[in-house]
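See structure below.
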Number of protein chains: 2
Amino acid sequence: MNTNTPPVSVLAPNGCCPPGAPPTLAPDTALRLAEALKALADPTRLRMLSLLAQQTEPLCVCDITAQFDQHQPTISHHLRLLREARFVDCEKRGVWAYYWVTDAGQRALIVALSLG
Amino acid sequence: MNTNTPPVSVLAPNGCCPPGAPPTLAPDTALRLAEALKALADPTRLRMLSLLAQQTEPLCVCDITAQFDQHQPTISHHLRLLREARFVDCEKRGVWAYYWVTDAGQRALIVALSLG
DNA sequence: CATATATATCGAAGATTGTCAATATAGGGG
DNA sequence: CCCCTATATTGACAATCTTCGATATATATG
């Protein structure tokens with residue numbers, strides 16, 4: 001189907017939603033979704049999530065840092081944003097901090113990748 | 001499953017990907033995905049996409065503008081970003097510009113909504 | 001042609017974000 | 001107790017983003 005011509009019908013005639021159709025987005029829902037999307041909308045964070053999602057065991061920050069060109073505070077900053085979005089979680093063991101992907105983080109990554 | 005404890009196994013032991021598992025993200029792929037996610041990561045644009053996805057017919061800019069609290073240049077700016085991301089397309093008829101959601105835009109909206 | 005209207009573009013102000021150097025915190029080893 | 005190392009936090013700066021007023025463009029109408 002050619003999306004460069006106006007569609008005869010896209011979704012939801014008369015406000016009634018056909019199967020699989022997104023309903024109208026309430027402003028507060030849009031805000032919440034936008035926040036989750038912002039946490040994903042950075043190449044470094046996407047790669048971090050991908051890296052963590054491939055691990056059998058949680059990774060410590062120094063191993064994560066080694067995979068990127070950015071400096072340690074920057075990595076720490078991105079990990080914090082991912083944590084605040086509940087896409088990763090962490091645990092301190094001695095001097096080290098170990099990170100892993102949450103269920104929500106895995107779903108988010110799969111969702112992001114599906115954007116092609 | 002409790003995501004607040006380190007997982008025994010998340011995905012991809014030894015770099016081998018289990019069914020449905022995201023592969024490592026190449027930097028250029030991450031960049032491209034991040035750009036698409038940025039286009040989605042705004043409450044106004046999410047609501048615009050949702051509004052357009054519900055229409056049987058393309059909507060003209062003045063009708064879109066009427067649904068939001070922002071001024072016309074702001075709406076025009078957001079529509080441009082959605083267009084550059086190929087999530088919407090438009091056509092001029094006389095003085096009016098009519099917008100509709102592309103296939104990619106519909107997929108993106110569904111994907112965004114699936115973030116919960 | 002003059003005017004009115006719909007939309008886009010420009011330019012600027014303010015907010016947010018990504019990055020890093022410097023510093024703080026805290027655990028482990030001598 | 002002192003030092004070394006791993007990580008987090010702070011503060012600064014540049015870049016990017018959102019928004020809006022002003023203006024440009026283009027079409028229809030009288």
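Order of the sequence lines fixes the chain letters, A, B, ..., with proteins taken first and strands second; residue numbering starts at 1 for each chain.
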Query - Atom pair distance, as rounded to whole Å: CH2 in A/W96 and P in C/dG28 - result: 8 Å
Query raised in the report: Are any non-hydrogen side-chain atoms of A/L33 and B/L40 less than 4.5 angstrom apart?
Result: no
Report task. To the nearest 0.5 angstrom, please state how far the NZ atom of B/K38 sits from the CG atom of A/D42. Result -> 6.5 Å
Query raised in the report: B/C60 has a side chain; which of C/dT7, C/dG18, D/dT18 sits nearest to it?
Result: C/dT7
**Report entry** For B/R32, salt bridge (charged side-chain N to carboxylate O under 4.0 Å, His left out) partners two or more places apart
**Finding:** none
Query raised in the report: Just checking A/Y98: base, sugar-phosphate only, or nothing, at a heavy-atom cut-off of under 4.0 Å?
Result: nothing
**Report entry** Joint hydrophobic cluster, B/L31 plus B/F87, side-chain heavy atoms closer than 4.5 Å
**Finding:** no
**Report entry** Donor-acceptor contact present, side-chain B/R45 to main-chain B/L82, <3.5 Å
**Finding:** no
Query - B/R93 CZ to C/dT5 C1', straight-line distance once rounded to whole Å - result: 18 Å
Report summary line: Against the side chain of B/L81, the closest entry in D/dT18, D/dT5, C/dT9 is D/dT18
Query raised in the report: So, A/E91 and A/R93, do they make that salt bridge, N to O below 4.0 Å?
Result: yes
Query raised in the report: On DNA chain D, nearest-nucleotide positions of A/H77 versus B/H77: which is more 5'?
Result: A/H77
Report task. Output yes when at least one side-chain N/O atom of A/Y99 is less than 4.0 Å from OP1 or OP2 of D/dA6, else no. Result -> no
Report task. Output yes when at least one side-chain N/O atom of A/R45 is less than 4.0 Å from OP1 or OP2 of C/dG18, else no. Result -> yes
Query raised in the report: Between B/R80 and C/dA8, does any side-chain N or O lie under 4.0 Å from OP1 or OP2?
Result: no
Report summary line: From CG of B/L82 across to C1' of C/dA8 the rounded distance in Å is 16 Å
Report task. Kindly state which residues belonging to residues 61-75 of chain B come within less than 4.0 angstrom of DNA chain D, counting heavy atoms of the residue only, listed by number. Result -> B/Q70, B/H71, B/P73, B/T74
Requested in this report: Between D/dT19, C/dG18, C/dA8, spot the one nearest the side chain of B/T44, thanks.
Outcome: D/dT19
Query raised in the report: Reckon A/L79 touches a base, only the sugar-phosphate, or nothing at all at heavy-atom distances under 4.0 Å?
Result: nothing
Report task. Count the heavy atoms belonging to other residues, nucleotides or ligands that lie under 6.0 Å from CG of A/D69, then report whether that count exceeds 12. Result -> no
